[in-house]
Amino acid sequence: MYRTLLFLFLSLTAFAQVPRTIEVRNNCITQCNNCTDAPAGTVFEIRDHYPLSATYLWDFGEAGATSTARTGVYQYCNPGVKRVSLQVTSGGVTTVYGPQDVKIGALPDFILGKDSNDTTLMICKGDPVVLNAFGSVSKPAFPVGVSWFPKGQTTDTIRVSESGCYSVVVTDLSSGCTAEAKMEVKICGEQPKAGGEDGWNFGTNVSLKFTGGSSTPSAGRGPMTTPEGVAKMTDENNDLIFYTNGSRVYAKDNSLVAQGLNGDTTQIQGVAILPKTTCKGCQAEYYIFTLRKNAAGENQVYYSIYDRKLNGGKGGVSIKNQFLSPAPSAERFGVAVSGGDYYWLQTQDADSTILRTFKVSKAGIGAPIESVANSPVKGPSASSHFSRDGKVLAIAYVSPPSNQVDIYDFDVATGKTTFRYRIPLANSPYGVEFSADGKIVYASTNVGPNAQIWQYSIASKDSSAMQRSQSLLWSGPGKIGALQGDPSSGSIIYAAFQGSSSLGKIVNPDISLKDSTRTIRASFVRNGLNLAAGTTSGLGLPLSIVLTPKPNSTPSIQQSCDGTTYHFKVSQDLCDPIKNDRLDWKIYQSTLDPTRNADGLLVPLNPAGTLLYSYTGTEMTYDFKKAGDYVVTVAISNACLTNYMLDASAYHVELLDPFVLPASYTFICKEEGQIGPTSVPPVAAFTYQWSTGESSRFITVPKPSGNYTLEIKEDASGCSIKKETQVNFTTNPLAVKKADGIICNDKPLSPYLVTLVPSPANLQVSWQANPGIVSGWNSKELQINRSGIYPFTLRDSDGCELQDSVKIEDKCDAVLIAPTVFTPNGDGQNDVFEPSYNWNEPNATYPKSRTQVISLEIYNRWGEQLYRTKGPVFSWDGTYNGAKVPQETYAYIIRYQAIDYPEKGVQEKRGAVVVVY
């Protein structure tokens, strides 16, 4: 009896029926998370942490829907209530979670325009528009909530009179699931915002403002006090949105908008922020990740959500302290960009080598992706940092087992981390940071009352080369903390010192101390930035990511020319789709004023005394009479604006006149003859280009008769003139009407018809053998498939012959291709931005170049010209004034023309290229 009861007790113990809660996220079928467009899945998590030997069995409440993974992930395709359960077996004991009802919700897709692609609306200033959440999709029959970005209105419609992104969130009040729609409202003629106001808030009441893209901030006083962990978030214009120490949340104006978050402000990197990206809406919500200790003293990961729509658009926290991961975590987060519309959050398990990387995307927070670290975290933690492009990771470790920084390669597409090498340190590290180009890493260490900063070059993946690059940048008194690159360009790295009234700064951080080719190298200034009176630094600086600004497209003046005649037009409508109604042009015999005017425009120097010509019309054509420097302006009027000025454009004009080529030449009883221009313009640098391919002033042409063209081109402006002459060789009285033609050899060819009209009509025709002939050897209609000279013989009934030919020219349009991304990191691959065209494409099989590139211009997001060349090399190495530019998007203008069709004039290709390191 006793044995029976004992057996029964042990059996019940081995299968403990203890219902426990399952945490659920991403429980909605939306445009971001569905079975076809964006499969990601609902994520199921439990709060308990089990040994690695534990086994798991999930049942997701649909036939065959099971999983043995630690974190459950399942993509539902149909909404409804699903009964979910989990069995965990560890040490012979099975624990049951659930079964638990989970509601999978779905809402119809909403749109604010006429269709899903209609997401931009141009309006006139002072002409408001009404946006209707249910104008295109009927309001659901079940209870829903409505909230508009950016100010949080809860009405079905809103009235909009300012530019910006507007979106509506429709929420199913039962499931909490949402659907979004957005409309980008633009005001005609409104200048794009030039640079934002970023900010750092940390330590004891420190507040720094980085204005207009500056790397050097102004110092003030803020409301927050935090010894270490702090994070902040900006928008795509580099404007600060909010910041937090993991406990309290402050808006940009330093007002307290939320408190009660469960973050620990004493942890080194215990709080992080990432965008909660959307499918169809404006960027309104952000995840705040925090670490909170459980009853065993272990850090576990939580998240809250900051919503910019709350508090009338000031923002606030809509969801607090949601459980994310039970794995005991070290005291630091890492955050990285992906290059797409998602981000990465990384943690490392305490006393473990497991790295957990969470994909934060429009579908929500994914299940952790595990990688193996080179070192476990033992006891106190040091900081970690990703490079600005997210592709390299540095993790600092405090002994035991040793003081070191581990360098990893990070795959921004998969979230996987791969160990590269270990950097041993003699003393305990605190901060790590990369140079803006990701080729140099810095580590701050503390030993006794002194601090040090070390520099290492990691451009090479060779561990020995990295060790040889070790350099002591600075050593001095104080306790040093975090290292953080400025939010604008990373051209300055700031260093925090505990209790200090100033920050240290590393200048020229991208130049190695051991680079003997450079006269200026990295250096450190201990009191590099004085803080406001009564404020002091802690050990932490704001953890953040760098967002890529959205490029702006504005119209510009385009020029083409043929000789002395120039043509000017505007590249696009000012306020597309609102059409330009009137264009008022002016030409000044002047140069550009080196200083922009009060409206921020480029204008001619001394306009009052240099006005040469005025014209009103869509396109201005002007025949210049004198060589020199000229400036062209245009004022655009449309349904919204009158006389809206564009930036003026400067041109240097050389006159290709006189240029005289006789209309015809006649040679009697000759086998060849010399032809060429009788007058040429007095321009120092121009080139000759004959239709035969020759480039001299005079050429000798053989029989038979034919047409020849000569183009002269002025090198500086790219202007050209082409003229034609007819060359006749007379040998006998037979006659024929024929026409030369044009065919493009670079393209797949259809047969081209060559027609002869002999007189008299009964003359016999025979064509000389030519590989380009398809059919019609003895016909007056010859079919060919390539360019060339096609000789033929006309023979009359008496046997008299006339030998002549038809010339089919090889002429093709220009082809120009520009890359969208390049990586000027010096690795020998894709290091320059260079347009490809017919001649220089890597896999080109063309017989000759069809394209002549005239100039290349590079601009930053504020319209500042960083680079310009008119040859001979048309490539940009990603530098400005000898320094590498920041990683972001840059606009380019490439002017080029078709060599075979100069009459089409100079063409422009505009676009944007992303600099990635």
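Index from 1, following the sequence.
Side-chain contact, S444 with E433: no donor N or O sits under 3.5 Å from an acceptor N or O. Side-chain contact annotation: R526 with S502, donor-acceptor N/O pair under 3.5 Å present. Q346 and T357 form a side-chain donor-acceptor contact under 3.5 Å, judged by distance and modelled atom types alone. Checking D264 against T266 by side-chain atom types alone, a donor-acceptor pair falls below 3.5 Å.
Between F289 and F333, the two ring planes are tilted [angle within 30° to 60°]. Using cut-offs of 30° and 60° for the angle between ring planes, the Y302 and F323 rings count as perpendicular.
At a threshold of 4.0 Å, the pair K362-D341 counts as salt-bridged, since one of the basic side-chain nitrogens sits closer than that to a carboxylate oxygen.
When the options V360, I288, I365 are evaluated for a side chain to side chain contact (heavy atoms under 4.5 Å, CB included) with L274, the one that passes is V360. Among the candidates L539, T535, V230, N245, the single residue satisfying the side chain to side chain contact (heavy atoms under 4.5 Å, CB included) test with F202 is V230.
Of all the heavy atoms in N33 and A363, the pair that sits closest is CB-CB, 4.1 Å.
More than 12 heavy atoms of other shown residues, nucleotides or ligands fall within 6.0 angstrom of atom NZ in K320.
Ring to ring, Y494 and W200 are close: their centroids are under 6.0 angstrom apart.
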